[in-house]
Amino acid sequence: MWRDPAKALPQNGPALRRGDTRMRVAVIGAGYVGLVSGVCLADFGHHVTCIDKDRSRVDALKRGEIPIFEPGLDALVEANVRHGRLAFAADTAALSGADAVFIAVGTPARRGDGHADLSFVFDAVKDIAPLLAEATILVTKSTVPVGTGDEIERIVRQRRPNAAIAVVSNPEFLREGTAIKDFKEPDRVVIGTDDARARAVLADIYRPLLDAAPFVYVGRRTAELIKYAANAFLATKISFINEIADLCECVGGDVEDVARGIGLDERIGAKFLRAGPGIGGSCLPKDGLALIKTAHDYGMQLRLIETVCAVNEARKHAMAGKVAAALGGAVRGRTIGVLGLTFKADTDDTRDSPSIALIAGLQDRGATVRAYDPAGMEQAKLSLPAVDYCNSAYAAAEGADALVIATEWQQFRTLDLNRLRRAMAQPLIVDLRNIYDIEHMKRADFRYVALGRSAQAAVPVEMPRQRLRAMTG
Ligand code: NAD
């Protein structure tokens, strides 16, 4: 049963030894998902090797440097390395003898058609297939389109016709910024396989969660689809409230109150009802596109999800126009301070971040952009070199005609407004995350433009004549 995790497994012990529930696990890909999964599985007591083909990443990890920003990750890595449960390698040979191998490599959108680019997954499978033990469980944690598990199985069978290797889908639902908690306290664990032995091994791997989270045992294709359906639903929910925010601005409502008013209905739920500048990150946008492409491949059209993706893309690109509107229609020659570059708080990930689209849009319109982010500036520099990167929010506000809050980092909620006002050329804040109170901003002598909160409008919103006529008959 459960044993002291501090006692590390010997490196070359036999797989699945009788009476010992700890496993030897290898994780291919030490990025946001692979590294977090690997360290959490090590923390469960398993003996984990995280393998990444990026040698500099592995060397950094071996030196104790964490290549991504994720709260709590450094301490957890350090503790598990110290206890001998976690190791890093650049060579796939290090997976030899593993009871289970998790694939956690990237599946970005393929350039041009939006299909998931599965080349990293298939390359990894081809690479590791000859090295897998006879009865290894090969687990796909990467988000992959329906049917990918079948193709992985075909590749493995071709190279290892006599081995009893099972291919399982175990999609990951962690969120950057709260990844460790999400992994250790998941809402559910989805295990997609019809193979009873594979189910038993996965249940052993996730044994510490057995009483804490529901286990959803389904077929492999269903598991693959669950991940995409979850992300498409979340994208739909956010896009919905964003649309309501736009309507609030027209009709004179407050989207924060609308969200609360509907979110208290248990059928709707309060989460994921925050209006914002559009959905970013490395998952929701590209997974929506991949789901649409999957449906196309089967001769189907997902009209709702297609609309959600299109609406979301348009929204990200509309934010520069919103800033321009707040400045009277144009930003040419103006200086704009931008607070936040990452797609959400508590990560350094700027992939598909709305801030990137916002800044590119402002620069295209002729603005000079100064920006600050607590963790995302190094990544942002790769796609946006022509930005003045600053070392604080106040430095980003220096001489700015408008200051845009683009990411909801905690430190942006407690700014010294007097200091900001003194730094800026004029006191205008465009808050794309609705993190400030309208009255508070008025008292601080700021002009404050937020999303879907037209209660702030100086002039009450007038009802259009035809609407009045329709109401009064
Ligand atoms: P990532 O880009 O951060 O990490 C991928 C890592 O895999 C990189 O370090 C890369 O060097 C490595 N890699 C690629 N090919 C390899 C190979 N053949 N051998 C060894 N290493 C290899 O990606 P990520 O954000 O961790 O996402 C991984 C997968 O998980 C994706 O499918 C993603 O959609 C999914 N996912 C991501 C999140 C998230 O929040 N980031 C959440 C849930 C699911």
Side-chain angles (χ1 to χ4, degrees), residues 26-40 49-61 66-71 73 88-95 101-110 114-131 138-145 148-149 152 155 169-183 186-190 223-224 226-228 230-232 234-235 279-291 342-353 379 382:
V27 181
I28 310 295
Y32 291 90
V33 166
L35 187 53
V36 170
S37 304
V39 69
C40 289
T49 306
C50 288
I51 300 168
D52 201 293
K53 67 176 184 183
D54 181 346
R55 192 168 284 279
S56 61
R57 171 167 290 230
V58 171
D59 289 343
L61 283 163
I66 307 299
I68 56 171
F69 178 87
E70 181 62 44
L73 190 58
F88 303 103
D91 187 349
T92 39
L95 63 72
V101 177
F102 286 75
I103 297 172
V105 301
T107 49
R110 206 160 64 186
H115 256 295
D117 178 352
L118 296 172
S119 59
F120 298 103
V121 172
F122 294 145
D123 286 351
V125 174
K126 287 173 193 161
D127 194 18
I128 64 175
L131 303 164
L138 185 54
V139 188
T140 312
K141 213 167 226 332
S142 299
T143 303
V144 293
T148 304
I152 292 175
I155 295 170
S169 167
N170 169 223
E172 183 50 55
F173 300 94
L174 64 76
R175 295 158 298 176
E176 291 172 22
T178 51
I180 294 169
K181 184 172 184 297
D182 291 345
F183 192 93
D187 291 334
R188 75 305 210 182
V189 177
V190 174
E224 290 167 339
I226 285 173
K227 173 65 188 174
Y228 281 98
N231 276 358
L234 293 172
I279 310 156
S282 67
C283 291
L284 266 55
K286 62 115 174 141
D287 291 348
L289 292 179
L291 189 59
T342 54
F343 78 97
K344 61 181 289 195
D346 291 326
T347 181
D348 57 350
D349 198 345
T350 62
R351 288 179 284 184
D352 260 330
S353 171
Q379 265 195 38
L382 301 175

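Whatever order the structure lists ligands and atoms in, that order sets their numbers, starting from 1.
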If the cut-off is 4.0 Å to any non-hydrogen atom of [X], which atoms of ligand 1 fall inside it?
X	result
Ile51	20 (C), 21 (N)
Tyr32	3 (O), 25 (O), 26 (O), 41 (N)
Ser282	41 (N)
Arg57	9 (O)

Please list the nearest protein heavy atom to [atom] with its residue and the distance rounded to 0.1 Å.
atom	result
atom 28 (C) of ligand 1	Val105 O, 3.4 Å
atom 41 (N) of ligand 1	Glu176 OE2, 2.8 Å
atom 21 (N) of ligand 1	Lys53 N, 3.1 Å
atom 19 (N) of ligand 1	Ile28 CG2, 3.5 Å
atom 7 (O) of ligand 1	Gly29 CA, 3.4 Å
atom 31 (C) of ligand 1	Thr107 OG1, 3.5 Å
atom 30 (O) of ligand 1	Val33 CG2, 3.5 Å
atom 9 (O) of ligand 1	Asp52 OD2, 2.6 Å

Over 12 foreign heavy atoms within 6.0 Å of CZ, Arg188: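 More than 12 within 6.0 Å, yes.
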Side-chain donor-acceptor pair present, Lys141, Ser169, cut-off under 3.5 Å: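 Ser169 and Lys141 do not have a side-chain donor-acceptor pair below 3.5 Å.
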Asp182 side chain to Thr178 side chain, donor-acceptor N/O pair below 3.5 angstrom: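 Checked: Asp182/Thr178 side chains pair up, N/O donor to acceptor below 3.5 Å.
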Residue of the set Val190, Leu291, Thr143 for which side-chain contact (heavy atoms from CB on, under 4.5 Å) holds with Lys227: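 Of Val190, Leu291, Thr143, side-chain contact (heavy atoms from CB on, under 4.5 Å) with Lys227 is met by Thr143 alone.
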Below the 3.5 angstrom mark, is there an N/O of [X], backbone or side chain, next to an N/O of ligand 1?
X	value
Thr143	yes
Arg351	yes
Ala104	no
Lys286	yes
Asp123	no
Lys141	no
Glu172	no

Heavy-atom closest contact (Asp348 atom, Phe69 atom, distance):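 That closest heavy-atom pairing would be OD2-N, 3.1 Å.
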Nearest heavy-atom neighbours spanning Ala89 and Thr49: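 Looking at all heavy atoms of both residues, the closest pair is CB-CG2, 4.1 Å.
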Verdict with reasoning, Val139 to Val101, per side chain to side chain contact (heavy atoms under 4.5 Å, CB included): CA-CA 6 Å; Val139 188; Val101 177; over 6 Å; no
Test side chain to side chain contact (heavy atoms under 4.5 Å, CB included) applied to Asn170 and Phe102, step by step: CA-CA 9 Å; Asn170 169 223; Phe102 286 75; 3.5 Å; yes
Proximity winner for atom 42 (C) of ligand 1, if only heavy atoms of Leu174, Leu118, Val144 are counted: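 Checking each option, the heavy atom nearest atom 42 (C) of ligand 1 is found in Leu174.
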Tyr32 backbone acceptor or donor facing Glu70 side chain under 3.5 Å: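 No: the side chain of Glu70 does not pair with the backbone of Tyr32.
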Step-by-step side chain to side chain donor-acceptor pair (under 3.5 Å) determination, Thr92 to Lys53: CA-CA 8 Å; Thr92 39; Lys53 67 176 184 183; over 6 Å; no
